[in-house]
Amino acid sequence: MTDLRDVLRARTLLAPHLPETPMWSYPVLNAVAGVEVHVKHENVQPTGAFKVRGGITLLARMEDRSTGVLTYSTGNHAQSVAYAARLFGVPCSIVMPENPNPAKVAAVEALGATVEIAGATMVEAAGHARENAARQGARLISPADEPDIIAGVGTLYLEILAGRPDLDAIFVPVGSGTGAAAACVVARAVAPGCRVIAVQSAQAPAAHDSWRLGEPVQRPVKTRVDGLATGSAFALTQDIMRADLSDFTLVGDDEIHAAQRLLLTHAHTLSEGAGAAALAGLLARRDEFAGRKVAVVCTGANAGPAELASLLPS
Ligand SMILES: *Cc1c(COP(=O)(O)O)cnc(C)c1O
């Protein structure tokens with residue numbers, strides 16, 4: 001299983017490509033929350049989300065990159081892999097399910113990747129990706145069941161805890177679970193007193209329910225929050241969370257939207273829904289953390305046009 005050595009190695013691999021991201025505390029936000037909140041700004045990554053740490057780490061460690069890479073995703077995982085592939089000059093194709101968001105297709109194509117539209121759902125798109133990868137001999141990259149992705153994402157939690165080993169807790173939004181699993185790996189090794197608390201939308205609770213039940217379950221995806229829209233659990237991230245996650249909180253999409261607005265007005269920060277879910281989770285439990293020091297990861301900023309408009313006061 002992924003451990004601190006893997007994360008330290010990933011940090012060395014990433015150093016030439018990605019600077020550390022800032023973490024700031026905002027007095028007006030602290031006053032609203034009643035908590036000393038530290039916002040880790042992954043929304044300033046070049047792809048607008050933390051996932052690029054995992055993509056670059058995985059590609060950097062591939063032994064034979066000449067085969068090219070292939071993955072399936074509608075969003076930030078696709079951009080992460082496409083960005084890393086461009087960095088290393090590797091052919092990259094992404095399978096997206098039918099009716100993709102044109103802005104997301106454009107973002108991936110701008111990075112030089114090929115987009116293939118196939119399948120009515122993400123599960124069907126994954127099936128197409130598997131077949132294509134086998135036919136082309138390309139390396140198929142899972143969105144989550146990849147130790148190198150978890151190690152790369154772990155560098156984010158190393159940055160947080162190296163700077164603030166005295167934190168009482170870190171809130172992490174969960175879709176497939178790479179962020180929460182990576183946080184568990186790093187906290188266990190360097191700050192065992194810091195609790196890792198996962199947050200998911202109550203409108204897509206597959207990872208939460210799988211963690212609570214101790215077995216993988218599928219759940220309908222009704223959330224508007226793309227980055228958290230995952231209908232099933234991933235084995236590797238669930239195993240790690242089962243061992244070391246302190247707790248798992250569900251929040252509603254409306255609470256996430258309110259947290260997005262709060263980040264915009266009180267932390268000068270644009271987040272997509274998933275990027276505000278950690279703050280929403282903390283606010284739902286603010287009494288328990290009153291006066292404590294807590295980090296929330298603002299994981300991403302890739303809000304679409306309608307989402308951006310919905311953040312402005314009406
Ligand atoms: C992917 C993503 C998440 C969820 O992360 P997982 O590692 O899939 O659990 C949260 N926020 C943003 C912005 C994301 O892109």
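The structure presented is a predicted model; accordingly, all values stated were derived computationally and were not measured. First listed ligand is number 1; within each ligand, the first listed atom is number 1. In this chain, residues are counted from 1 in sequence order.
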[atom] [closest protein heavy-atom partner, distance rounded to 0.1 Å]:
{"atom": "atom 8 (O) of ligand 1", "value": "S176 OG, 2.6 Å"}
{"atom": "atom 5 (O) of ligand 1", "value": "F50 CZ, 3.4 Å"}
{"atom": "atom 11 (N) of ligand 1", "value": "T299 OG1, 2.7 Å"}
{"atom": "atom 4 (C) of ligand 1", "value": "G175 N, 3.4 Å"}
{"atom": "atom 15 (O) of ligand 1", "value": "K51 NZ, 2.5 Å"}

Do the charged groups of [X] and [Y] touch, with an N to O distance under 4.0 Å?
{"X": "R11", "Y": "E20", "result": "no"}
{"X": "D209", "Y": "R212", "result": "no"}
{"X": "K40", "Y": "E159", "result": "yes"}
{"X": "K104", "Y": "D226", "result": "yes"}
{"X": "E146", "Y": "R139", "result": "yes"}

In terms of atom number and element, which parts of ligand 1 are under 4.0 angstrom from non-hydrogen atoms of [X]?
{"X": "G177", "result": "6 (P), 7 (O), 8 (O), 9 (O)"}
{"X": "G300", "result": "13 (C)"}
{"X": "G227", "result": "1 (C), 2 (C), 3 (C), 4 (C)"}
{"X": "G179", "result": "7 (O)"}
{"X": "T178", "result": "6 (P), 7 (O), 9 (O)"}
{"X": "E272", "result": "13 (C)"}
{"X": "N76", "result": "13 (C), 14 (C), 15 (O)"}
{"X": "V174", "result": "9 (O)"}

message: When you measure from the side chain of D253 to the backbone of R224, do you find a donor-acceptor pair of N or O atoms at a distance under 3.5 Å?
response: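 It does hold such a pair.
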query: Between R86 and Y83, is NZ or CZ placed under 6.0 angstrom from the six-membered ring centre and within 45° of the ring axis?
result: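 So R86 does make the cation-pi contact.
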query: Which pairs pass side-chain hydrogen bond (donor to acceptor under 3.5 Å, both in side chains) with one or both residues in residues 164-186, sequence neighbours excluded?
result: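 Passing the test, one end in residues 164-186: R164-D166.
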field: side chain to side chain contact (heavy atoms under 4.5 Å, CB included), paired with I141, selected from I149, I94, D148
entry: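 Filter result, single survivor: I149.
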